[in-house]
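Atoms within a ligand are numbered from 1 in the order they appear, just like the ligands themselves.
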Amino acid sequence: MNQDGDAQGGASKAIQTREPEKVVVEDPLPDYPRYRIEPGDRVSLAAIDPDETEHYQKKKHVGRELEKQRRRIQDLQERLYAENEQGMLIVLQAMDTGGKDGTIKHVFGGINPQGCRVSSFKVPSAEEANHDFLWRYHKSAPAKGRIGIFNRSHYEDVLVVRVKNLVPEDIWRERYELINDFEHGLTANSITVLKFFLHISKDEQKKRLQSRLDDPDKRWKFSSNDIKERAFWDAYQQAYEDALGNCSTEHAPWYIVPANKKWYRNLVVARTIADTLEAMDPRYPPAEEGLEKVEIPD
Ligand code: AMP
Ligand code: MG
C-alpha cells in the first residue's frame, strides 16, 4: 500500500474506533462509553464521582474480570505487533498520587515488552526546552505495530505550565489546537490515541500522600513538592477541565476514569483499551504459501 493509502486508511480506522465499547463487547453489558468526553462537551470534574464503582463493591468482585481484560490486551497486542500496520498511544494523566504508575503496573504487567514502551515525562531538560513543546513527545510516539504509553504527556504543557505560569497565557492557549493537530496527525498514520484522566478526590490524595509517608517502602515516592502542588488543587482541576474539554476530539477521545478505588480504575482502563484494540481488529499476516510442504532439513 502506498503512503497516501495508508494515511487515509488510518484516518477512517480512527474514526471507526470512536465507539468501540458499544460495538465490540456485549457481555457483561458495556457501560464505559459514558466515561468518554464527547467533542464540545463542557467538563465539570466536581460533577463526576471519583468513588464510583458501578455495581461492584469490592476488589475481589473484579479480580477475574480484570484478568480477562488483561489477557485480551496481551492477545491483541501480539496481533498488532505481527500485523505492523497500526499502533496505539495511551496517554495517562492525573493529579499527583492519582495512580498513573499503578495503572501501568496492573494493566500492562504481562504484556510482551517487545511491542510496548512506557515514556515518562518530567520537567523538560535544557535541550527539550529549547525545542517546540511537542518535540520530545513526538520523538516518543509509537510506530506502527507498537503500543506507546505516556506517563504524563504533552498535556503537562497546558497544565503545570499554566498553573505555575511557566509561559504566557497566549502561548499555552494556542497549544490546545496544536495538541489536537498533533494527535490528528498520529491517527492519520494509523496510530489510535486513547487518553485517560484518572480522577481522584482531594481527600483521597491526602490519604495516599499520608500512606507514602507512613510506609517505609513507599517513602521514595514522596516528594515535598507534592505538598506544594496540592495547594494548587483548584487551579489544576480548572486546567484539567479546559484541557479535557478542548482536546477530546473525534479522533482522540478523553476518558475520565473514577479512580479513588484502584481496582475499579484498573478495570475501566483495561477494558477500554481491550475494546478499542478489538475494534482496530489487528490480524496476523498471512503465512507464506505452500508451508504444508516444507520439511525442516536435519
Ligand atoms: P513525577 O511524575 O512525580 O516524577 O513528577 C514529574 C514532574 O515533572 C511533575 O511535577 C510534573 O508537573 C513535571 N513536568 C512534567 N512535564 C512538564 C513540563 N512540560 N513542564 C514543566 N514541568 C513538567
Ligand atoms: Mg510525583
Side-chain angles (χ1 to χ4, degrees), residues 45 89-108 117-141 148-183 195-202 204-244 246-247 254 257 259-260 262 265 269:
L45 288 174
L89 172 64
I90 297 164
V91 168
L92 292 175
Q93 285 288 159
M95 299 291 285
D96 289 322
T97 76
K100 301 185 300 301
D101 297 322
T103 301
I104 292 168
K105 180 168 155 188
H106 293 287
V107 173
F108 296 97
R117 183 167 69 158
V118 180
S119 308
S120 298
F121 297 100
K122 314 275 179 190
V123 177
S125 68
E127 190 191 19
E128 288 168 344
N130 279 338
H131 284 82
D132 67 281
F133 84 103
L134 286 170
W135 181 72
R136 65 176 182 159
Y137 308 105
H138 207 160
K139 274 204 306 185
S140 294
I149 301 163
F150 280 6
N151 182 346
R152 297 189 193 272
S153 66
H154 41 296
Y155 284 91
E156 291 295 328
D157 295 82
V158 289
L159 293 164
V160 63
V161 162
R162 164 178 172 174
V163 172
K164 307 316 279 295
N165 279 318
L166 303 181
V167 304
E169 176 166 352
D170 57 335
I171 302 279
W172 60 254
R173 275 217 178 270
E174 205 182 354
R175 289 181 175 173
Y176 297 126
E177 210 179 314
L178 295 168
I179 286 173
N180 288 341
D181 288 346
F182 166 59
E183 292 174 354
K195 302 175 291 192
F196 297 101
F197 172 62
L198 312 177
H199 178 40
I200 59 165
S201 62
K202 197 174 178 190
E204 181 64 21
Q205 187 190 58
K206 184 172 184 185
K207 278 189 215 149
R208 292 185 187 184
L209 285 171
Q210 190 63 50
S211 82
R212 286 184 182 180
L213 278 179
D214 295 344
D215 180 347
D217 288 346
K218 285 192 191 159
R219 255 175 228 158
W220 68 273
K221 275 193 160 194
F222 186 86
S223 153
S224 319
N225 194 47
D226 293 348
I227 303 280
K228 287 190 204 136
E229 293 297 297
R230 183 171 160 80
F232 295 94
W233 179 274
D234 292 341
Y236 272 109
Q237 297 283 295
Q238 174 72 62
Y240 266 112
E241 287 177 350
D242 289 346
L244 304 179
N246 287 323
C247 300
W254 268 105
V257 180
N260 274 3
K262 296 172 182 173
R265 168 202 79 199
V269 172

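- Closer than 4.0 angstrom to ligand 1 sit non-hydrogen atoms from Phe121, Lys122, Val123, Pro124, Arg136, Tyr137, Arg152, Glu156, Asp157, Val160, Val161, Leu166.
- By the 4.5 Å heavy-atom criterion applied to side chains, Asp96 and Asp226 are counted as neighbours.
- Residues Asp242 and Arg162 form a side-chain contact, since some pair of their non-hydrogen atoms from C-beta on lies under 4.5 Å apart.
- With respect to Asp214 and Arg219, no salt bridge is recorded, no charged nitrogen being found less than 4.0 Å from a carboxylate O.
- The aromatic rings of His131 and Trp135 sit parallel to each other, their planes meeting at less than 30°, with 60° as the upper class boundary.
- Residue pairs meeting the ring pair (Phe, Tyr, Trp, His ring centres under 6.0 Å) criterion with at least one partner in residues 211-233, sequence neighbours excluded, are absent.
- Taking the six-membered ring where the residue is Trp, Phe182 and His154 present perpendicular rings, their angle passing 60° and hence far from 30°.
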